[in-house]
Amino acid sequence: MATRYDAKTAEPKWQRAWEEAGVFRAVEDRARPKFYALEMFPYPSGRIHMGHVRNYTMGDVVARYKRARGFNVLHPMGWDAFGLPAENAARERGVHPADWTYRNIETMREQLKSMGLSIDWSREIATCDPSYYRHQQALFLDMVAAGLVDRRESTVNWDPVDQTVLANEQVIEGRGWRSGALVEKRKLAQWVFRITDKVESLLGALDGLDRWPDKVRLMQENWIGRSFGLRMTFDMVTDAGAPAEGLEVYTTRPDTLYGMSFCAVSPEHPLALAHAERDPGLKEFLAECNRLGTSEEALEKAEKRGWKLPLQAKHPFIEGRTVPVYVANFILMDYGTGAIFGCPGHDQRDFDFARKYGLDIIPVVAPTEALDGDLGGYVREYGQRREVFTGPGRMINSGPFDGMTVEEAKEAAMSRVEEMGRGARTTNYRLRDWGVSRQRYWGCPIPVIHCDACGIVPVPRDQLPVELPRDVAFDVTGNPLDHHPTWKHVDCPSCGKPARRETDTFDTFVDSSWYFARFCAPQAATPTEREAVDYWLPVDQYIGGIEHAVLHLLYSRFFTRAMRDTGHVDLDEPFAGLFTQGMVCHETYRAADGGWLEPGEVEIRDGQAVAKATGAPVETGPAIKMSKSKRNTVDPEAIIAAYGADTARWFMLSDTPPERDIEWTTAGVEGAWRFTQRIWRTLDEARDTLPPAGTGVPADLPAEAVDLRRAAHKAIVAVTEDIEAFRFNRAVARIYELTNTLSAFRSDKAGSGAAVREACEILIRLMAPMMPHLAEEAWHSIGHDTLVACMPWPVADAELTRDDSVVIAIQVNGKRRGEVSVPKDADRETVEGAARRIDAVSKVLEQGEIRKVVLVPNRILNFVVAA
RNA sequence: GCCCCAGUGGCGGAAUGGUAGACGCGACAGACUCAAAAUCUGUUGUCCGCAAGGGCGUGCUGGUUCGAGUCCGGCCUGGGGCACCA
């Protein structure tokens, strides 16, 4: 009889058994309810990391659990395989991006398989494979035909290190999200997806995503940034009094029009550019603004600067009133019209600007306190304040609007401007169209041809895929495709004359915006197979990191809509359920010289962390996200080799709620490993007393055995609820409880063998989604020749999960004074009588008069006593 | 600056407005052992007490309630998101 569970031999054995039985192969079956479980697919960077282990463990628990619940489960895996690191590897190590990528995929596939995931590997896809990206090219052509794509000359964020365009979403604090380089602005023709065409749908449908975290929905809402306001045009005159072209502004505070004391335009505004032609000082000012760009906003946070134009804007409501017009560094060209009117009374930036340039500060909204008090004094002192009033109140200094609320005044002002024919109510969005052109080699080629005679010509369908050439040079900056001697030279499909291929490739977010649909029929000759996607989509449970809360998830939602428009799917929302898991963290270790040490290089001697090699003391830092730069990573492969996959999986699920960050600790892993052994030992010890597999539970059991059954059946209810609610840490605690109960039970108790067998089998099946290999080994060891992976989820017997008696807490004035055990649903008299027999209770009751007795059935009894 | 979220033992964390601290880690004590490891048993919020028992305890502070970790107001701290967004 084995006394130790040997993961090293058991895990590969059961992985082979699952594979040979084809347990996880998904086949459409309309007779059964489907469940599509998906984790965000990995970028093949080289090796899996602990974040992957956590992500895929959670997904695997869900997939295995749903399978046991009778669902036809699709649980695929693929590779987000295009991207910059492959090209960097080519530059740095001379290895071809394709070779580097496919080699990494090989390695990582084996690593993932060693985790024992219930993946249907027959559906594996890699986005860098022509068999995938040819369909992406076809989708693009369909989207062009459907009017969802534009080619636009636009100002783009240019990453000078990566030599590529970045989406606004990819610019973080003014720096490229991958390179970290300061981003510059450039004009470039590029392809854009018209995501703003779908903005109302993308925003409105968020409400229906009730199985998404509120946080993610809120982040998407903020990203889309809808606001309601007014576009209006001011008449303009030159300082000399000559008429000039009108200025269109956007405002969300038309109620404050009477407080207007200046207008301002963005440094990129045509008006600013036009005046700069004649004004060298302005030109220099614009250059300075441009240098600041979108970056370092913190540096210049307080510094609001303007340049006065020789123009005046006429107030639309006040005859004869004009205000100066500035170019100001805080106006964004991309938002609204790139021009504003300033009301320093009720906007902090306008206020700061007005103070700096000595402009009028006119309060036009007053809070109730001011209205009730000395309003004149309030107005006189307003300009001396440091902060403006932006709250609700009533209008002052505003002619016909005086006395209105802010909301009423907004309506009134907008109506009046509209009646005057000077403007219209509009809805404005922060969201901008999605530029997808990248000057990269290792991406999906954009399937168009530029012809001098015909313009832009789509590549004919029968010529897809446009394949990447293999022979490219990486020792040049910019796009290697552009430098290829022959690839871009083709004949125009339309007129036959020499023409040029588009050498830009797609943003890799395009690749990941539809892969979930491709998994439904990965071999299909068309991008999707309608039968398959209609059956499998939407993804029922999607799991990934919060870092994709905006970009990937918003793009995928857009793409699904675009695929519906082009007939490839018949739904709007790709992910019915979303879960965002926390990061995996670890302590950091720093040597005296400032260098970081890996966890494996550090040990504790006499309570002090020291470097193993030198014995020198090491400074221990707080647990932060595992990263190569801080060297606080732990290699999953080493952990799996040392402890087994089940231990790693169990650790990932224990203790910490899945949405929070988890700290990886050696003690924790060892604890998880000890538990696998403990389960094995417990089952091992019970085994000899068990009746044969398949033996039913007799009706006449000893009382202790009935208690054991109760514990087991209650565990079914609890674990089921916890898995359904993504509370894996609690499910784990329930399994500990059941194990404790089982190991404390004297299994030789006459006549209770069947109950012990039942409890063992329940324990094995409840832990199977989390520790699948151990479960199979244990299942086999107690006499089964089936696979747990194919067993249905245990069903709790309601008779056994119901309690006949309950313990009720007795309180006096809300303070706990004792407890009584009474039959379930006992009436007030019974409970109160039992409570009065408790000394501690009766003693206190004697000291005062009972005013009230509150009974919460089966929970609590509270005497309210007056002293 | 604005918008979210979170503050509970030594630690990770439990707790439909109803017995705060489940479960795990760590620690301590004991058993087994020549010894250690492993394993098993017990204790483990804090203070007073030999004990029985009692006082105090969920960041701070008010409130609602018979009853608040949970709900409401104000504050403090930490984390995340957005940001010259008109």
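Chain identifiers are assigned alphabetically (A, B, ...) following the order of the sequence lines, protein sequences preceding nucleic acid strands; residue numbering begins at 1 within each chain. Computed over heavy atoms, backbone and side chain alike; hydrogens, waters and symmetry mates excluded.
In this structure, A/Arg425 and A/Phe228 have side chains that are not in contact, with every pair of non-hydrogen atoms separated by 4.5 Å or more.
Atom CD of A/Gln220 and atom P of B/C4 are 18 Å apart (whole Å). As a whole-Å value, the separation of A/Asn813 CG from B/C66 P is 11 Å. For A/Trp673 and B/A37, the CH2 to C1' distance is 11 Å, given to the nearest whole Å. A/Asn428 has its CG atom 8 Å from the C1' atom of B/C85, to the nearest Å.
Sorted by first and then second residue, the side chain to side chain donor-acceptor pair (under 3.5 Å) pairs involving residues 812-826 of chain A (not counting sequence neighbours) are A/Arg816-A/Glu819, A/Asp825-A/Asn858.
Consecutive Watson-Crick or G-U pairing (both distances under 3.5 Å) extending over three or more pairs maps onto RNA chain B as B:1-7 with B:76-82, B:10-12 with B:23-25, B:26-31 with B:39-44, B:45-48 with B:53-56, B:59-63 with B:71-75.
The 5' end of RNA chain B is approached more closely, in terms of each residue's nearest nucleotide, by A/Thr656 than by the other of A/Thr656 and A/Asp350. Where A/Thr337 and A/Phe863 each meet RNA chain B at their nearest nucleotide, the meeting point lying more 5' is that of A/Phe863.
Closest to the A/Arg660 side chain, of the nucleotides B/C82, B/A14, B/C4, is B/A14. In the set B/G55, B/A86, B/G13, B/G55 carries the atom at the smallest distance from any side-chain atom of A/Arg817.
For the OP1/OP2 pair of B/G1 and a distance below 4.0 Å, the side-chain nitrogens and oxygens of A/Arg349 include no atom meeting the criterion.
Atom-to-atom distance recorded for A/Asp214:CG and A/Trp212:CH2 is 12.5 Å, nearest 0.5 angstrom. A distance of 5.5 Å separates CG in A/Leu271 from CE in A/Met236, rounded to the nearest 0.5 Å.
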Worked check of ring-ring contact (aromatic ring centres under 6.0 Å, His included) between A/Tyr326 and A/Phe353: CA-CA 10 Å; A/Tyr326 288 82; A/Phe353 190 80; 5.2 Å; yes
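With its glycosidic angle more than 90° from 0, B/G79 adopts the anti conformation.
With 3.5 Å as the limit, one finds a donor-acceptor pair spanning the side chains of A/Thr196 and A/Asp433.
Base engagement by A/Ile331 is indicated by at least one non-hydrogen atom pair under 4.0 Å involving a base atom.
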List, with names and distances, any nitrogen or oxygen atoms from the protein found under 3.5 Å away from nitrogen or oxygen atoms belonging to nucleotides 18-25 of chain B.
from: B/U19; atom 1: O2; to: A/Arg816; atom 2: NE; distance (Å): 3.0
from: B/U19; atom 1: O2; to: A/Arg816; atom 2: NH2; distance (Å): 2.8
from: B/U19; atom 1: O2; to: A/Glu819; atom 2: OE1; distance (Å): 3.4
from: B/U19; atom 1: O4; to: A/Val807; atom 2: O; distance (Å): 3.4
from: B/A22; atom 1: O2'; to: A/Glu737; atom 2: OE2; distance (Å): 2.7
from: B/G24; atom 1: OP1; to: A/Asn740; atom 2: ND2; distance (Å): 3.2

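Salt-bridge formation is detected for the pair A/Arg836/A/Glu832: a Lys NZ or Arg NE/NH1/NH2 atom is positioned less than 4.0 Å from an Asp or Glu carboxylate oxygen.
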